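Note that the coordinates shown come from a computational prediction; the quantities given were computed from them, not determined experimentally. Hydrogens, waters and symmetry mates are skipped; everything else that's a heavy atom, side chains included, is used.
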Amino acid sequence: MSAMKDVLEQKVAEACQELFGIEVSIELTRPEEQFGDFATNVALQLSKQVGKNPREIGEELVVKLRETLASEVSDVSVAGPGFINLKLSDVALIGSLKAQPAKSLDGKVVVAEYSNPNAFKAMHAGHLYTSVVGDSIANLMEQAGATVHRVNFGGDVGLHVGKTMWGIIKSLGNEDIDALLAVDLDSPEERAQWLSDRYVEGNNAYEGEAKEEIVEYNKQVYAIHSEDDHDSPFAQIYWTCRQWSYDYFQYFYETINVKPFDKYYPESSTSPIGMAKVKELLEQGVLENSDGAVVFKGENYGLHTRVFQTREGLPTYEAKDLGLIVAKNDDYHFDKSVVITGNDIIEYMKVVLKVVEQFAPELATATKHLTHGLVKMEGGEKMSSRKGNTLGALDVINSAAEAVKQIGDQTEQEDITLGAVKYAFLKQRTGGDIIYDPKESVSLEGNSGPYLQYSHARARSILRKGEAGELNEDASLEAGERSLVRKITEYTEVVDQAVDDLMPHHVCAYLYELAQVFNRFYEGNRVIDDPRQSLRLALVKTYADTLQNGLKLLGIAAPEQM
RNA sequence: GCGCCCGUAGCUCAGUGGAUUAGAGCAUCUGUCUUCGGAACAGAGGGUCGGCGGUUCGAAUCCGUCCGGGCGUACCA
């Protein structure tokens, strides 16, 4: 808890109660520095009720607060239309550096699902984005005291697999596992690319003559699972290629340095669970037969109808997702489940959760669906394989690495590259589309990951030149020092906000401001060989630690030097 | 058609539990500098916050409406 803020809010509320007999809950805001450390507009809110003008109310409150807040505050004043600005004493300000972010999820078990790549297909820039966002959101919840299980869900069955299998078999000439193994590719990336090319072939063929054949392959893939077939040539090809995809996923997550997943749920494993549930819900009348398919009539709830089982008797994504929710709960007995996906399935998810609500309302309410936008190309163009403007997930990293190399020899090349890419994605509010320009987006200066990393490395560099001791709690601060301390004390509030909203961009915006304040301090205030060296070293240390903690929440490394 | 989301400087975006002068970065222009690490710092220009109407002492923020864009809307995921 940011204790100081709570104390002040409490005391301001008490003052309102005593002076005007009105119960109010105070939310202190952070005004611009020139106005003070905290502000409230309570005088404006009370104006009507009290029947006085806001300035007048403000003046009365100020007199009272100067008394009751004497030990915390050095200045209280009324400004503008009636804002009350509070300035903390240096001692109180330094004291509030000790505050820690709230443990609002203490003891909770949380499942975080994100990334969700499909086997037998390539990972594109969107997967990189969702992986980075999901990792950070999971970090935020962990930081707040939750036990977070990171899980991943993806299609190892479904029409896209039928398409890729078609492309594979076409390319090999027949169902021949030896021919597949003879395809001489040694990196996970190359094998994934090979599969992706086969998918594209299958996808094109599906538009034309091969549709029937691909539909048949799709059924055969489901049959591999239901019959536990590991021996037929078709099955051998399938299992081998699925493993190629899984190896590639693992390689990818290691490359982008996100925390590993606890579990990968392949759709083949959630399908049977989902189908069993569909059967049960059909008997209960929650789902119904319609035109040969099994559907949920969402119209009864202001939603739309969605198919859970096709005419062919196959599960749709809806059934698989139903199975996933059941499986996640069986595995983890979660208090909260966070599902992070693109915006395009918002309405879809409402329908699925409405179905869940029919048999397990507590699961539906514990599930939170967070969505993000698309990664679009320069000019706002949507990526499409048809137009050939798709961007592979690792291509983004590679082009950023090139840009980093341009700067010069790097000791921490990877950390900086990933810092640039992750920050570029995370600094925007989760929900909107991201415009990705390979040349411009991954910035290394200004509001960027490397700016933060550089500022951190600089601070650490100073700390190597002199040992930082404890900060003297009774110290009085010069202007530049005070600005830095003030900014650092905002950290806990920002992290709490980011946890409440599950939005990492709050942390980004704050860390950038923090680094700016430090860089200004650095320009104007000598640390080493200055009479105030001891105090300043302690401040630099607190700054560097705070920045490092914040970057950690974003999944970004804070190198000691670069 | 219906539902959901979005429209803030040339570009990319913060700000939307109403409030002190609408903020950043990039780009443009001008400075700082014999660097405790210049991936830096200081400054300038650039905005009818899509339009109109409403609520309010006060609206980028809330409500209505229109315009523009995106997504979804039964057997893809």
Roughly, in whole Å, what's the span from [atom1] in [X] to [atom2] in [N]?
X       : N      : atom1 : atom2 : answer
K121(A) : A77(B) : NZ    : C1'   : 7 Å
N447(A) : G23(B) : CG    : C1'   : 12 Å
N519(A) : G25(B) : CG    : P     : 12 Å
K350(A) : G3(B)  : NZ    : P     : 12 Å

Phosphate contact ([N] OP1 or OP2) by [X] side-chain N/O below 4.0 Å:
X       : N      : answer
K427(A) : C13(B) : no
R306(A) : U73(B) : yes
Q34(A)  : U21(B) : no
Y301(A) : G3(B)  : no

Determine the contact category for I462(A): base if any of its heavy atoms lies under 4.0 Å from a base atom, sugar-phosphate if only primed atoms, P, OP1 or OP2 are that close, otherwise nothing. base
Taking any heavy-atom pair under 4.0 Å as a contact, classify Y512(A): base, sugar-phosphate, or nothing.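 Sugar-phosphate, backbone atoms only, no base.
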Judged by each residue's nearest nucleotide on RNA chain B, which is more toward the 5′ side, V295(A) or G302(A)? G302(A)
Between V527(A) and D291(A), which has a closest nucleotide on RNA chain B that is more 5'? V527(A)
Spell out, as yes or no, whether a donor-acceptor pair under 3.5 Å connects the side chain of H160(A) to the backbone of A119(A). yes
Of the nucleotides [options], which has the atom closest to the [X] side chain?
X       : options                : result
E445(A) : A74(B), U12(B), A27(B) : A27(B)
R311(A) : C75(B), C13(B), A40(B) : C75(B)
R429(A) : U20(B), A14(B), A39(B) : A14(B)
H304(A) : C75(B), U73(B), A40(B) : U73(B)
E27(A)  : G15(B), A40(B), G17(B) : G17(B)

Once Watson-Crick and G-U wobble pairs under 3.5 Å are found, how is RNA chain B written in dot-bracket notation, 5' to 3', with | for any base paired to another strand? ((((((((.[[[[.).......]]]].(((((.......))))).....(((((.......))))))))))))....
Are more than 12 heavy atoms, taken from residues, nucleotides or ligands other than E414(A), located less than 6.0 Å from that residue's CD atom? no
CG/D75(A) to CG/L65(A) distance, rounded to the nearest 0.5 angstrom? 11.5 Å
Examine the side chains of H369(A) and T341(A) and answer whether a donor and an acceptor come within less than 3.5 Å of each other. yes
Can you find a donor-acceptor pair, distance only, under 3.5 Å between S290(A) side chain and A74(B) base?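 Looking at the base of A74(B), it does pair with a donor or acceptor on the side chain of S290(A) (distance under 3.5 Å).
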For the base of U73(B), is there a side-chain donor-acceptor partner from E299(A) under 3.5 Å away? no
Carboxylate-amine/guanidinium proximity below 4.0 Å for E357(A) and K354(A):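 Looking at K354(A) together with E357(A), the answer is yes, because their closest N to O distance falls below 4.0 Å.
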Stacking check Y317(A) vs C76(B) (5.5 Å / 30 deg):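 Stacking between Y317(A) and C76(B): absent.
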